[in-house]
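Within every chain, numbering begins at 1; the chains are lettered A, B, ... in the order of the sequence lines, protein sequences first and strands thereafter. These numbers come from the heavy atoms of this one structure, side chains and all, not from hydrogens, waters or symmetry mates.
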Amino acid sequence: MSKTKTPQAIRGTQDIFGPDAEAFAFVVETFERVRKLYRFRRVEMPVFEKTEVFSRAIGETTDVVSKEMYSFEDRGQESLTLRPEFTAGIARAFLTNGWQQHAPLKVGTHGPLFRYERPQKGRYRQFHQIDAEIIGAAEPQADVELLAMADQLLKELGIEGVTLHLNTLGDGDSREAWRAALIEYFGAVRDELSEDSQERLEKNPLRILDSKDRRDRKFVADAPKIDAFLSDEATAFFDAVTSGLDAAGVKWTRAESLVRGLDYYRHTAFEFIPDEGSAAADALGSQSTILGGGRYDGLMESLGGAPTPAVGWAAGIERLAMLVGEKGEAAADAIVVVEDDSLMTEGVRTLGKLRAEGFSAEMIASGSPRKRFDKAVKAGARAIVGFSMQDGATNVRIKAEHDMTARIEAVLN
RNA sequence: GCGAUCGUAGCUCAGUUGGUUAGAGCGCCGGUUUGUGGUACCGGAGGUCGCGGGUUCAAAUCCCGUCGGUCGCCCCA
């Protein structure tokens with residue numbers, strides 16, 4: 001006789017339950033409410049796409065594409081990939097569904113994403129994001145609206161001690177010129193850089209700017225600044241974004257070394273980051289960004305579409321949930337206690353009536369009859385309806401908060 | 001991919017330099033007690049000490065491997 005082994009959950013996945021699940025739901029519900037406030041339309045996207053959707057949109061050389069994707073061949077020998085982010089799929093949908101007709105299109109969504117990474121605090125292999133995008137809007141006003149929405153969301157979630165870090169990467173030409181200057185600057189001191197940054201020099205020199213290594217940091221301060229390479233248009237665009245944010249009452253701070261990891265970003269780049277020493281920073285460990293995004297004017301072309309300006313952001317639901325505090329499960333409006341099994345029918349009938357009247361209700365009718373009422377008391381419902389037998393007659397007892405007693409009686413009669 | 005650390009009942013943990021049948025609290029189930037109520041007492045179920053090797057007369061305890069958790073690097077939300 002061999003015992004069947006219980007399969008383990010896959011590494012980096014979570015079974016979210018109890019207070020964590022409540023916090024998760026609170027984040028999603030708040031996002032949905034704010035989304036409607038800002039008139040973003042809801043979209044539901046596929047969880048997987050052709051691999052090229054991501055490899056072309058995000059960039060072959062990025063870590064996400066080169067070593068973190070869950071890719072597989074389906075039965076038709078097509079290479080598919082579990083979405084590591086939302087933006088690429090939404091861009092693909094915009095092109096393949098003719099959503100150009102709705103431009104400027106504001107959409108929001110949320111759901112699971114997949115990245116093959118080493119799990120740690122606030123980082124999972126299947127994780128969840130909320131996501132907002134404005135597609136087909138070249139105006140800086142779009143950036144402002146998107147950021148105002150993010151800012152309000154965080155406020156409504158009750159998250160404090162978080163600041164919007166804002167930067168511009170300029171247009172394509174500005175970005176390339178800056179990149180070349182950075183390679184030249186850091187290349188001159190190559191041997192003094194950290195091993196990681198020597199590698200970044202080849203692959204993604206912008207990344208050296210936010211290296212945590214002390215050996216790199218002393219050079220970062222004097223590195224070429226993007227501002228010196230911005231075209232007049234790019235400067236004007238960024239000015240319009242910042243003055244718009246001020247007008248909208250969104251606090252921000254300039255972060256000259258803020259860059260984004262994915263290739264498609266242009267102009268505005270931003271992250272909401274907990275302030276140093278804040279409770280939020282402690283709660284998040286080394287995962288500092290809770291919401292990040294930017295403008296991705298070049299993305300549509302990489303997918304074979306017409307040039308289409310767009311901005312978007314995404315935020316990790318798990319990370320936000322860690323910051324919203326304990327969310328207890330709500331107590332039941334009523335608990336029906338059947339203290340004698342012969343009264344089960346009465347109990348079931350009453351339970352149905354209560355629920356039909358909009359009371360959240362559950363029944364306790366198992367275990368030791370004498371302990372059932374105590375269980376209900378412990379569960380902390382707003383009202384308890386007890387059915388018991390006394391001298392051969394049915395006895396109904398209601399223990400409830402003041403106004404509840406009358407309301408429950410009204411339902412029972 | 002790299003590094004650190006941990007893995008004993010459902011949960012939180014104890015288990016002395018390796019040495020009888022591995023323990024506690026909480027929770028769960030049952031009984032008694034109380035009786036308009038979250039009481040107290042008694043009893044019970046529940047563990048191949050993550051898994052696999054090794055050392056030893058003897059391993060929860062030491063060694064190796066592996067899987068998993070946690071935290072950090074990288075990367076990112």
Need one value for A:Arg11: base, sugar-phosphate or nothing, where a base atom within 4.0 Å counts as base even if backbone is also close, heavy atoms only.
sugar-phosphate
Axial cation check for A:Phe373 ring with A:Arg397, 6.0 Å and 45° limits
yes
Is A:Ser368 near enough to B:G31 that one of its side-chain N or O atoms lies under 4.0 angstrom from OP1 or OP2?
yes
Test salt bridge (charged side-chain N to carboxylate O under 4.0 Å, His left out) applied to A:Asp341 - qualifying residues, sequence neighbours left out:
A:Arg372
Within the structure shown, what part of the strands sits under 4.0 Å from A:Gly367 by heavy-atom distance: base, sugar-phosphate, or nothing?
sugar-phosphate
Report the distance from atom NZ of A:Lys121 to atom P of B:U70, rounded to the nearest whole Å.
11 Å
Span that lies between the C1' atom of B:C75 and that of B:C11, in whole angstrom
35 Å
Just the rounded figure in Å: distance from P of B:U34 to CZ of A:Phe373.
18 Å
Given the P atoms of B:U17 and B:G7, what is the spacing between them in whole Å?
16 Å
Nearest whole angstrom, please: distance from the P of B:G37 to the CD1 of A:Ile335.
17 Å
When the C1' atoms of B:A22 and B:U8 are considered, how many whole Å apart are they?
8 Å
Could you please name the option among B:G38, B:A77, B:C76 that lies closest to any side-chain atom of A:Asp374?
B:G38
Check every strand shown and say whether A:Phe272 touches a base, only sugar-phosphate, or nothing at a heavy-atom separation below 4.0 Å.
nothing
With rounding to the closest Å, how many angstrom separate the C1' atoms on B:G30 and B:G68?
36 Å
P atom, B:C42 versus B:G37: distance in rounded Å?
25 Å
Please measure how far the C1' atom in B:C13 lies from the corresponding atom in B:C51, and state the result in whole Å.
22 Å
Counting only side-chain nitrogens and oxygens, does A:Gln120 get under 4.0 Å of the OP1 or OP2 atom of B:U70?
no
Given the structure, check if the side chain of A:Arg372 and the base of B:G37 hold any donor-acceptor pair shorter than 3.5 Å.
no
With no angle test and no hydrogens, is the base of B:C71 tied to the side chain of A:Arg118 by a donor-acceptor pair under 3.5 Å?
no
Closest to the side chain of A:Glu117, out of B:C75, B:G38, B:G72, is B:C75
Taking for each residue the nucleotide of RNA chain B with the nearest heavy atom, is it A:Gly316 or A:Thr13 whose nucleotide lies nearer the 5' end?
A:Thr13
Distance alone, cut at 3.5 Å: any donor-acceptor contact between the side chains of A:Glu145 and A:Gln141?
no
Gap between atoms CD1 and P, on A:Ile130 and B:A77 respectively (whole Å):
13 Å
Could you tell me whether the side chain of A:Arg207 has a donor or acceptor atom within less than 3.5 Å of a complementary atom in the base of B:C76?
no
Ignoring hydrogens and geometry beyond distance, is the side chain of A:Arg123 in donor-acceptor contact with the base of B:C75 at under 3.5 Å?
yes
Quick check on B:C74: is either OP1 or OP2 less than 4.0 Å from any side-chain nitrogen or oxygen of A:Lys212?
yes
Take atom CZ of A:Phe270 and atom P of B:A77, then tell me their distance rounded to the nearest Å.
11 Å
Is any side-chain N of the basic residue among A:Glu133 and A:Arg41 closer than 4.0 Å to the acidic one's carboxylate O?
no
Working for ring-ring contact (aromatic ring centres under 6.0 Å, His included), residues A:Tyr116 and A:Tyr70:
CA-CA 7 Å; A:Tyr116 191 88; A:Tyr70 277 95; 5.7 Å; yes
Side chains of A:Tyr124 and A:Glu318: does their closest heavy-atom pair fall under 4.5 Å?
yes
Scan side-chain atoms only and decide if A:Ser211 and A:Asp213 contain a donor-acceptor pair under the 3.5 Å cut-off.
no
Would you state whether a donor and an acceptor, one from the side chain of A:Lys371 and one from the base of B:G31, lie under 3.5 Å apart?
yes
Within the 4.0 Å heavy-atom criterion, would you say A:Gly12 contacts the bases, only the backbone, or no part of the nucleic acid?
sugar-phosphate
So does A:Ser286 get a side-chain nitrogen or oxygen closer than 4.0 Å to the phosphate oxygens (OP1/OP2) of B:C71?
no
Side-chain H-bond candidate by donor/acceptor type, A:Ser194 with A:Asp216, under 3.5 Å
yes
A:Met69 has an atom CE; how far is it from atom C1' of B:A77, in whole Å?
17 Å
Describe the nucleic acid contact of A:Glu68 in one word from base, sugar-phosphate, nothing, applying a heavy-atom distance below 4.0 Å.
sugar-phosphate
May I ask you to check whether A:Arg319 and A:His128 show a side-chain donor-acceptor distance below 3.5 Å?
no
Could you run through RNA chain B and flag its stems, i.e. three or more consecutive Watson-Crick or G-U pairs with both distances under 3.5 Å?
B:1-7 with B:67-73, B:10-13 with B:23-26, B:28-32 with B:40-44, B:50-54 with B:62-66
Inter-nucleotide C1' distance (B:G25, B:A9), Å rounded:
12 Å
In whole angstrom, give the distance that lies between atom CD1 of A:Ile10 and atom P of B:C67.
15 Å
Just checking, any donor-acceptor pair under 3.5 angstrom between side chains of A:Thr81 and A:Glu49?
no
Sidechain-backbone polar pair: A:Thr51 side chain, A:Ser79 backbone, donor-acceptor under 3.5 Å:
yes
A:Asp171 and A:Ser174: side chain donor to acceptor below 3.5 Å
yes
What integer number of Å spans the P atoms of B:G19 and B:A58?
14 Å
5′-ward residue of the pair A:Gly122/A:Asp213 relative to RNA chain B
A:Asp213
Members of residues 40-48 of chain A that approach RNA chain B, where some heavy atom sits under 4.0 Å away
none
Could you check how far OH of A:Tyr265 sits from P of B:C76, rounded to whole Å?
10 Å
